[in-house]
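Everything below concerns the one structure shown next.
Side chains are part of it too, since the values below use all heavy atoms of this structure and drop only hydrogens, waters and symmetry mates.
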Amino acid sequence: MGLLLFLLSLSSLALSYAVGGDVCITGHDSGPVFEEQPSSVVYPEGLSEGKVTLNCQARASPAATYSWRVNGTDVPVGDPRYTLVAGNLVISGPQFGRDGGSYQCLAINRCGTILSRAANLKFGYLHDFPGEGRSPQTAYEGAGAFLACQPPAHYPVLSYRWFVSEFPSFMKPDGGRWFVSQVTGNLYLAKAEPNDTASYFCFTTINMDISTKSTFSKANQLTVQPDAPAITVVPDPFSCPIAEGPILTLPEMTFHEEGVYECEAYNSEGRDTQQGRITVQAQPEWLQVMSDSEVEISSELHWTCVAAGKPRPSIRWLRNGQPLSTQDRVEVNGGRLKVINLALEDSGMYQCVAENKHGTIYSNAELRVQVQVPDFRSNPVRRLVPAARGGQVMMECRPRAAPKPTLFWSRGTELLTNSSRVTVTPDGMLRIHNISRADEGKYTCFAENYLGKANSTGHLSVRDATKITLAPSNADINQGENVTLQCHASHDPTMDLTFTWALNGALLDLEDPGGPYHRKETVGDLLIVSGHLSQAGTYSCTAQTVVDSASASAKLVVRGPPGPPGGLVVKNVAATSVELRWSRGYDNHSPIGKYVIMGHSPLSPGWKRMRTDPSNIEGNAESIRVVGLLPWMDYEFQVIASNILGSGEPSMSSHTIRTQQAAPTVAPSGLGGGGGDRNELIITWTPMAREYQNGDGFGYILAFRKQNSPTWVVERVSNVESSRYVYSNQSLSPYCLFEVKIKAYNRKGEGPFSQIAVVHSAEEEPTVAPSRINATALTAFEMQVSWDPIQHLSTNGILQGYEIRYWRQHEREASADRVRTAGLETTARVVGLRPSTRYHVTVMAYNSAGTGPASPRTTVTTRRPPPNRPPGNVSWKTDGSWVTVRWDHVKTLDNESAVLGYKVLYKHEGQSALKVLDKGKTSVTLPLPKDNGYVVLEIRSWGEGGDGAAQETIVSRDSGET
């Protein structure tokens, strides 16, 4: 009875372990894990009415309870100044010297205890600046200076700003001349200017968690004087530039930025340098932490924590909130924890703590030490284990047990031991090889530890082996053809059979309807659609049941165009040719018949076939000469092999080469010229394109001479982009005929001359004025001017036409209006004149250089204006298809020209006709339209002064008499 009670008590330990007198249930309970930990607080000193809340929340099952420590001792939660709200600690009216310190929260349940990170409660303060005045400072123009802040006593760190003259005129960077150190508070001036003379105040601010406080210094008087004796540089160690400006900014500090930095300042008077060292440190950061573990009783625990940081962090260990050190079964070695011969009391919450002067970090894990009688309920031996005849089988035995149990197998009443066909491994695995029908039956695994025993039984069922009955055969196809690889198999009829295919060991996807591989439904045949070179290789068919499988393989050869040649190199580079060498690529089971060479240069957008010598490249060649290249041009080359099945992929491109230079072989085109200023000969041409330059040091040689002159003038133009040359000579005659030719040159020599072109020197203004000028008034508003032409020899160029200038009497000639004719016309009409006005008129010839001398002036007086009144009392009478229109005679005034007659404009459907009548007629008979439409009539007087005002009348067939 006592033994039974002992076994029952040990069995209960398989489900739980004791912590602090309570029970942690395996699979149900979990130790605390922090979800929120306290953070440090800066509280304003002297503020007695406020509160500080330190947060602490943990996830746990059952729910955690909480306690707090300050400076390593328990916080008296019974004190009315301390209140525990859930896990949060609320301190009412914190007092300096009494409540300051390092606070830590403990989260506790029956599975263990964890300790939070430390949160410091500190008291912040900022005293006022001293009341004494500050000594004035002097700086020299162009030199550097600084003003000391000398902040008062404070905690924590301050932020610094400066204002000038009065608050709140805060300093601005001003292009980097000013810099405020956030370490000392000092104000640095890189280059003083006269307008910097002023009073400056250091403004300090302290930021606490619930308030902010600021104060500022007495005035710092700065006076800037001219004529600095020498350069003075006063930099803060970190106020120098990387590229520009006096501020060095390193936005994301890493350990790579550590080192010595030097700032150099200079001006026309000299230079100076200043060095500063940056040391980068960092708070701890976990690189490796432990994780929750379930470990068997009496075994060993190994946990490792690794943390980075600078200075290097120290590491210590806690168990249920208490320090761990090396003793008895526990070994602590920095970040390594080892516990041997684990016992139930080792269960609980463990913490690894890494800390340096910049911070502390915690890593938590739960250890559960397990003890359990062997139990197959969660993982029994498989009840039915099928196996193929002639194959092998493995039967697992994995009960839950702690400590590890002893395992052995039996078949019926026969204990199984290792033999030629049977193997029992120490971890309980049973292996049987070369299975026969006689091996069929029940197999039982037994497990035993000091807590008890258990067993589990499974049945081995022997089935017929799977065999390949029709294996795939080797095949040979051309690229793009289809092929079927056959595969049939026999198998145990009580089991399902599946087929899989692999290419060179990689399983093929046979389910993609758009893919190249398809399997027939009832058998294992594989159809390959539109075979590709990449699909050549060894195909393996596998017929598989749940107990065994059988495989067979065949090789597929896919013939196709050759692969890309390799190792392309360029040799023996000349001006118009190169030699290419390559190695043969894979022929893809069809002999290479020929090669082609492709080339690419900056002048062509793509690859094009190149000329070679010989032009046909046999399939066994591995070198060729490429010809017909342009000198001094960049090229890349590719080689493409082909056979009877097509052309393959091109080789890798060669490295870029530049052909050798050569003298130009063609002359520039577009030779011409002309125009320009007096005494100039302008020659133009089209700049030579890059492909015709053939080398560097490129330019042009011009040769020109007067027509029929034996001597050529030769000039060089060294700019490749030039397209114009101006030759100036005071002795040049205007519009003189020159013969011109051009050729190109470069570093290697000169090219051929172009064909001769004819170019004229610049034109000059005509030197002779037109003669026999005549001006006649046509109406009150226009006149006609005529003249005799000048001789072409007097034009100094090509005569473009004549310019008529006219101005009213009593006006200056400079205000004359102008009308130009084009070509050789010797008469012109001038309109827009004023009636009854006397005009002066001159005529001059012009060409591209300008106008020649003016002819002698002539005068003309325009006629009196026509009446500005239309005919009155217009009436009409229709008679069949005709209409008779009548009107009153227009009487003229003394200053108007006499009426000589009338004009009737007849308009119908976009067509018009004009009928002119003499003075004695004041009526007209006109036809009416046949379509019952209407006509529009415009009736006006006319005379020497021109046409008078019009009267518009609308007449229709059915309008009757008006």
Side-chain angles (χ1 to χ4, degrees), residues 32-34 36-42 54 56 69-72 100-107 112-122 155-157 181-184 237-238 248-262 275-293 300-340 346 348-367:
V33 176
F34 280 119
E36 185 175 14
Q37 299 189 56
S39 300
S40 296
V41 176
V42 178
L54 301 176
C56 182
R69 295 175 184 168
V70 55
N71 300 327
S102 177
Y103 287 78
Q104 287 180 284
C105 168
L106 290 88
T113 301
I114 54 175
L115 184 66
S116 76
R117 69 190 178 199
N120 295 316
L121 173 57
K122 295 186 177 182
Y155 181 84
V157 296
S181 170
Q182 294 303 314
V183 178
T184 64
F238 305 112
L248 170 64
T249 301
L250 301 174
E252 295 184 5
M253 290 297 295
T254 67
F255 290 110
H256 296 293
E257 275 71 54
E258 194 170 65
V260 176
Y261 289 75
E262 182 177 277
Q275 288 187 342
R277 175 179 292 277
I278 293 181
T279 301
V280 181
Q281 297 192 348
Q283 65 182 24
E285 179 182 3
W286 289 122
L287 301 178
Q288 180 181 346
V289 296
M290 74 277 202
S291 57
D292 294 343
S293 298
E300 290 187 358
L301 170 71
H302 294 271
W303 267 338
T304 300
C305 286
V306 180
K310 192 173 181 181
R312 182 188 297 275
S314 62
I315 296 181
R316 54 189 174 89
W317 293 82
L318 304 176
R319 180 171 63 196
N320 294 326
Q322 300 299 321
L324 268 180
S325 59
T326 300
Q327 59 180 354
D328 300 332
R329 297 176 296 106
V330 178
E331 179 182 335
V332 176
N333 183 12
R336 299 179 183 275
L337 172 65
K338 177 181 178 183
V339 184
I340 63 173
D346 295 321
M349 299 301 298
Y350 286 74
Q351 291 177 283
C352 179
V353 185
E355 54 192 343
N356 65 12
K357 66 181 183 179
H358 299 295
T360 304
I361 55 175
Y362 291 74
S363 174
N364 306 332
E366 183 177 357
L367 172 63

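Using modelled atom types, one side-chain atom of Q104 and one backbone atom of S116 make a donor-acceptor pair closer than 3.5 Å. Not one N or O on the side chain of S363 forms a donor-acceptor pair closer than 3.5 Å with the backbone of I361. Using modelled atom types, one side-chain atom of N320 and one backbone atom of T113 make a donor-acceptor pair closer than 3.5 Å. At distances below 3.5 Å, not a single donor-acceptor pair connects side-chain atoms of N333 with backbone N or O atoms of T326. Between the side chain of N364 and the main chain of V33, no donor-acceptor pair closer than 3.5 Å is present.
Remark: of the listed residues K310, Q281, Q283, Q281 is the sole one forming a side chain to side chain donor-acceptor pair (under 3.5 Å) with H358.
Atom CZ of R329 sits in a crowded spot, with more than 12 heavy atoms from other residues, nucleotides or ligands closer than 6.0 Å. In this structure, E285 places its CD atom where only 12 or fewer heavy-atom neighbours from other residues, nucleotides or ligands lie under 6.0 Å away.
Side chain to side chain, R117 and S39 meet the donor-acceptor criterion of an N or O pair below 3.5 Å.
Atoms CD and OG, on E366 and S291 in that order, are 12.0 Å from each other to the nearest 0.5 Å. Here the CD-CH2 distance, from Q351 to W317, works out to 11.0 Å after rounding to the nearest 0.5 Å. Distance OG1/T360 to CZ/R316: 7.0 Å, rounded to 0.5 Å. Rounding to the nearest 0.5 Å gives a distance of 11.5 Å between OG of S325 and CD of Q322. The structure places CG of L324 at 7.5 Å from CG of L318, a figure rounded to the nearest 0.5 Å.
G334 and I315 make their closest contact through O-CG2, 3.7 Å (heavy atoms, listed as atom of the first residue, atom of the second, distance). Among all heavy-atom pairs drawn from L287 and A308, the shortest one is CD1-CB, 3.8 Å. Considering all non-hydrogen atoms of both residues, L54 and P38 come closest at CB-CB, 4.2 Å. When all heavy atoms of N356 and P311 are compared, the closest pair comes out as ND2-O, 2.9 Å.
At a threshold of 4.5 Å between non-hydrogen side-chain atoms, the residues T254 and V280 do not count as touching. Here the side chains of C105 and Q37 are not in contact, with every heavy-atom distance at 4.5 Å or above. Contact annotation: the side chain of D346 never approaches that of L301 to less than 4.5 Å [non-hydrogen atoms, C-beta and beyond]. With contacts defined as side-chain heavy-atom distances shorter than 4.5 Å, the pair S40/Y103 does not qualify. Between R69 and L115 the shortest side-chain heavy-atom distance falls below 4.5 Å. With a 4.5 Å cut-off on side-chain heavy atoms, M349 and P32 count as touching. Under the 4.5 Å side-chain criterion, counting only non-hydrogen atoms from C-beta, V330 is in contact with L337. Side-chain contact check for C352 versus Y362: every heavy-atom pair is 4.5 Å or farther apart.
Between W303 and Y350, the two ring planes are perpendicular [angle over 60°; tilted spans 30° to 60°].
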If you apply the rule side chain to side chain contact (heavy atoms under 4.5 Å, CB included), what do you find for T304 with H302, and how did you get there? CA-CA 7 Å; T304 300; H302 294 271; 6.0 Å; no
Mind running side chain to side chain contact (heavy atoms under 4.5 Å, CB included) on T279 and E258 for me, showing each step along the way? CA-CA 5 Å; T279 301; E258 194 170 65; 3.5 Å; yes
